[in-house]
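Worth saying up front: this structure is predicted, and the values here are computed from it rather than measured. Lettering of chains follows the sequences in order, A, B, ..., and the numbering in each one begins at 1.
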Protein chains: 2
Amino acid sequence: MAVTLADVAARARVSAATVSRVLSGNYPVAESTRNRVLRAVDELEYVVNGPASALAAATSDLVGVLVNDIADPFFGIMAGAVQAEMGAPAGEPGRGGEKLAVICNTGGSPERELNYLTLLQRQRAAAVVLTGGAVEHPDHAAAVAAKASRLAASGTRVVLCGRPPIADATTLTFDNRGGARRLTEHLLTLGHRRIGYVAGPAERTTTRHRLEGHRAALGAAGLDADLERLTVHGLYDRASGYDATLELLRRDRGLTAIVAANDTIALGVCAALRDQGLRIPEDVSVAGFDDLPFSADAVPALTTMRLPLHEAGARAGRLALGREPQPPGGVAMVRAELMARASTAPPRG
Amino acid sequence: MAVTLADVAARARVSAATVSRVLSGNYPVAESTRNRVLRAVDELEYVVNGPASALAAATSDLVGVLVNDIADPFFGIMAGAVQAEMGAPAGEPGRGGEKLAVICNTGGSPERELNYLTLLQRQRAAAVVLTGGAVEHPDHAAAVAAKASRLAASGTRVVLCGRPPIADATTLTFDNRGGARRLTEHLLTLGHRRIGYVAGPAERTTTRHRLEGHRAALGAAGLDADLERLTVHGLYDRASGYDATLELLRRDRGLTAIVAANDTIALGVCAALRDQGLRIPEDVSVAGFDDLPFSADAVPALTTMRLPLHEAGARAGRLALGREPQPPGGVAMVRAELMARASTAPPRG
DNA sequence: CTGTTAGCGCATTCAC
DNA sequence: GTGAATGCGCTAACAG
């Protein structure tokens, strides 16, 4: 039905093996025959059969990228960067080299995460990149670790980007704890003493680490007594930020600052404050985390911790392709940088 | 090396054929043997070899989703919705049914678009969903159409989501022209007469259609003389909106409204206006297009045309799976809805 | 440098 | 309802 290697071979008057060698390019072939083959390929509009090739070679050119929510720029940026590294380079369509990045949306669900891992294992993926925070349920963590080991054992490279290290995987962790600490210290330095915190879902590593950093900063200042009362958990979305802010104000109308676990939440925080007639930063300072593109454009511009998501994703992509040396110990930390902008200022009076 | 069908068959004391039948589920198998097989699968932690299965069955469970920029929520939302329809349903990991959505980031480059199409063809993808506006270069359009036909001919379903119809593909077009027209009419109704327009890249269908809608509204009001002078092209990003706004103000400081080709551009427009000391909407009204999540949270909240991106993506996903009947003629139009918010108001005086 | 020979792991005829 | 046999299209030794 479709054109096969054999057809090309016949037309070029060579053996199938030769055609295969020309196409994969990793074997010497005489210039003249190579041209003949290439011409036949063009004339026949031949396209390699990926599954057949993967079966014979026992490895495919798929690279899986797992994200919690592809509609969230936090993940979109990382995924895009990973995929850019795979590069289907212009000019040589259909010929060797390109990897196909498979972006899988888990929706934050542990089951779907495992399902996708299985699907990728079934496809004999060349590599898998897990992005974003992990769920901390012991069972799930163990299951993921087991899957990762099995993947690694069967030749699939496993790379983590933005979550804590596990065995058999190269890891790019984000310095969530340190970043969160420096962010809260920034607020303390400005003079704030009553600081609310809007956290993410309790079971995620990112949530816990950022909260720990916040706590550490407060503790160092002897202010951690109120921590629990002034912390509200929600999802990593705008609506949660909005609701959590109302709750925080209910608990302590005298808050002078609110730290959000990420920028998206911070947007909701700002909206709620405005709806309550409070000005930012005059009445309440607001800070986020991640420094997503929209944060610099918020009004007022949002103070936040910048995570180099694009760079991290690109590096994860290179690690997945084995194009970059492993960091020492298989783990590298990505640091966060304070972007002090207009949404934070000293408290009034 | 890895566990194969044969291993499972041996352990379950049946033939490989039977195991295959149990796993694909589309063939009668006695209850007792089925259970025996399933148990063996579990005990051996067997995972189907995707490539082998795809080779034998001449079809894979991959579905390609092409996007211009996965870091842009416009595409992230659609892609996420498509993928959600593929659903790796929780509870039955590794067994039949699930499709794997492959999200491919073209970066808006025609070459990469074609490359990915070839890659997907090579993988014998079950379906391909092309999202967002198309590039209008005649050569490229022809090349894409040809690829689409070839894909369709080889059994790959082709679905378009947000671009004009082509042969051999089911299409969900967006009513960019009508939406843009209604948006500008909204401004005209408010009393605006000097309206700037920040367009996207000239060669994209989305850009042209939205501009045509704008022009139609102006024309109907007898205001199209200034159209060219008050239109600036750029990319679909924030920086372009910023720069274009400065240029527009240079051309006509007396503008009372600026329409942006999408919300992201509108964000840049707002930033530029603010930096120029102009208030929104008192001095200049601003409108966008798409209604991305951040638009409602902008300050002031952005007037825009809402496109039901999630619904459209979900429907595209279902069409790709053949789970939804074709629309009449293979083409359905997705309408845009005016979201009149605080960023537009009558001009002063 | 090039051709020949074997599978890769599974889905599908066919028989039984 | 189940097993045995065949081939999907390609790559990887091995010869030559």
Side-chain angles (χ1 to χ4, degrees), chain A residues 1-38 40-41 44-62 94-97 121-126 154-155, chain B residues 1-38 40-41 44-61 94-97 121-124 126 154-155:
Chain A
M1 205 206 95
V3 180
T4 75
L5 238 206
D7 299 330
V8 177
R11 196 175 219 303
R13 315 178 121 276
V14 295
S15 73
T18 301
V19 178
S20 172
R21 294 198 263 253
V22 169
L23 260 22
S24 50
N26 46 12
Y27 209 85
V29 173
E31 189 60 21
S32 62
T33 59
R34 130 177 276 103
N35 290 143
R36 209 140 32 88
V37 169
L38 256 21
V41 167
L44 262 32
E45 293 188 315
Y46 170 69
V47 175
V48 182
N49 182 318
S53 142
L55 174 57
T59 158
S60 84
D61 51 8
L62 290 182
R95 286 213 260 291
Q121 181 185 358
R122 174 201 299 185
Q123 297 296 335
R124 303 299 187 256
S154 62
Chain B
M1 206 204 95
V3 179
T4 75
L5 241 205
D7 299 330
V8 176
R11 195 177 220 303
R13 316 179 121 276
V14 296
S15 72
T18 301
V19 177
S20 172
R21 294 197 262 254
V22 169
L23 259 23
S24 48
N26 47 11
Y27 207 85
V29 172
E31 188 62 20
S32 62
T33 59
R34 131 177 275 103
N35 289 143
R36 208 140 33 86
V37 169
L38 255 22
V41 167
L44 262 31
E45 293 187 316
Y46 170 69
V47 175
V48 182
N49 181 318
S53 147
L55 174 58
T59 157
S60 85
D61 52 8
R95 287 215 259 292
Q121 180 185 358
R122 175 203 296 185
Q123 297 295 336
R124 303 300 187 258
S154 62

Exercise for the section: Side-chain contact test, heavy atoms from C-beta onward, threshold under 4.5 Å: evaluate it for B:Leu55 versus B:Arg124 and give yes or no. Expected result: no
Handout entry: Protein-nucleotide distance (B:Asp7, atom CG; C:dC10, atom P), rounded to Å
Key = 9 Å
Practice task
Look at all strands and tell whether B:Leu55 reaches a base, only sugar-phosphate, or nothing, counting heavy atoms closer than 4.0 Å.
Solution key: base
Handout entry: side chain to side chain contact (heavy atoms under 4.5 Å, CB included) partner of B:Arg11, the single match among B:Val3, B:Val37, B:Leu44
Key = B:Leu44
Practice task
Could you state the atom-to-atom distance from OH of B:Tyr46 to P of C:dC10 in whole Å?
Solution key: 3 Å
Problem - Backbone of A:Thr4 reached by a side-chain donor or acceptor of A:Asp7 within 3.5 Å - result: yes
Exercise for the section: Specify the separation, in whole Å, of atom CG of A:Leu5 and atom C1' of D:dA12. Expected result: 13 Å
Completion exercise
Per atom distances to the A:Asn49 side chain, the nearest of D:dT2, D:dG9, D:dG7 is D:dG9
Exercise for the section: Mind checking the CG-OG1 spacing from A:Leu23 to A:Thr18? Nearest 0.5 Å is all I need. Expected result: 11.5 Å
Practice task
Return the nearest nucleotide to the side chain of A:Val14; candidates are C:dG3, C:dT13, C:dA11.
Solution key: C:dG3
Fill in the blank from the handout: Of A:Thr4 and B:Arg13, the one whose closest nucleotide on DNA chain D sits nearer the 5' end is B:Arg13
Exercise for the section: Check whether any side-chain N or O of B:Thr18 sits under 4.0 Å from OP1 or OP2 of D:dG3, and answer yes or no. Expected result: yes
Problem - Shortest side-chain distance from A:Thr33, nucleotide among C:dA11, D:dT11, C:dT2 - result: C:dT2
Problem - Out of C:dC10, D:dT11, C:dT12, whichever nucleotide has its closest atom nearest the side chain of B:Ala17 - result: C:dT12
Problem - Minimum-distance nucleotide (side-chain atoms of A:Arg21 versus D:dT11, C:dG3, D:dT2) - result: C:dG3
Problem - Any B:Val22 side-chain heavy atom under 4.5 Å of B:Leu38 side chain - result: yes
Completion exercise
Here the distance between atom P of D:dG1 and atom CZ of B:Arg34, to the nearest Å, is 11 Å
Practice task
Round to the nearest Å and state the distance from B:Gln123 atom CD to D:dG9 atom P.
Solution key: 15 Å
Exercise for the section: Could you check how far OH of A:Tyr27 sits from C1' of C:dT2, rounded to whole Å? Expected result: 9 Å
Exercise for the section: Can you tell me the distance, in whole Å, between the CG atom of B:Asp61 and the C1' atom of C:dA11? Expected result: 14 Å
Exercise for the section: For A:Leu44 and D:dG9, give me the distance from atom CG to atom P, rounded to whole Å. Expected result: 14 Å
Fill in the blank from the handout: Of A:Ala16 and A:Pro28, the one whose closest nucleotide on DNA chain C sits nearer the 5' end is A:Pro28
Exercise for the section: Would you indicate which nucleotide in C:dT12, C:dG3, D:dA4 comes nearest to any side-chain atom of B:Ser20? Expected result: C:dT12
Handout entry: Below 4.0 Å: OP1/OP2 of C:dG9 and any side-chain N or O of B:Ser53
Key = no
Fill in the blank from the handout: With the side chain defined as heavy atoms from C-beta on, B:Ala57 is closest, among C:dG3, C:dT12, D:dT11, to C:dT12
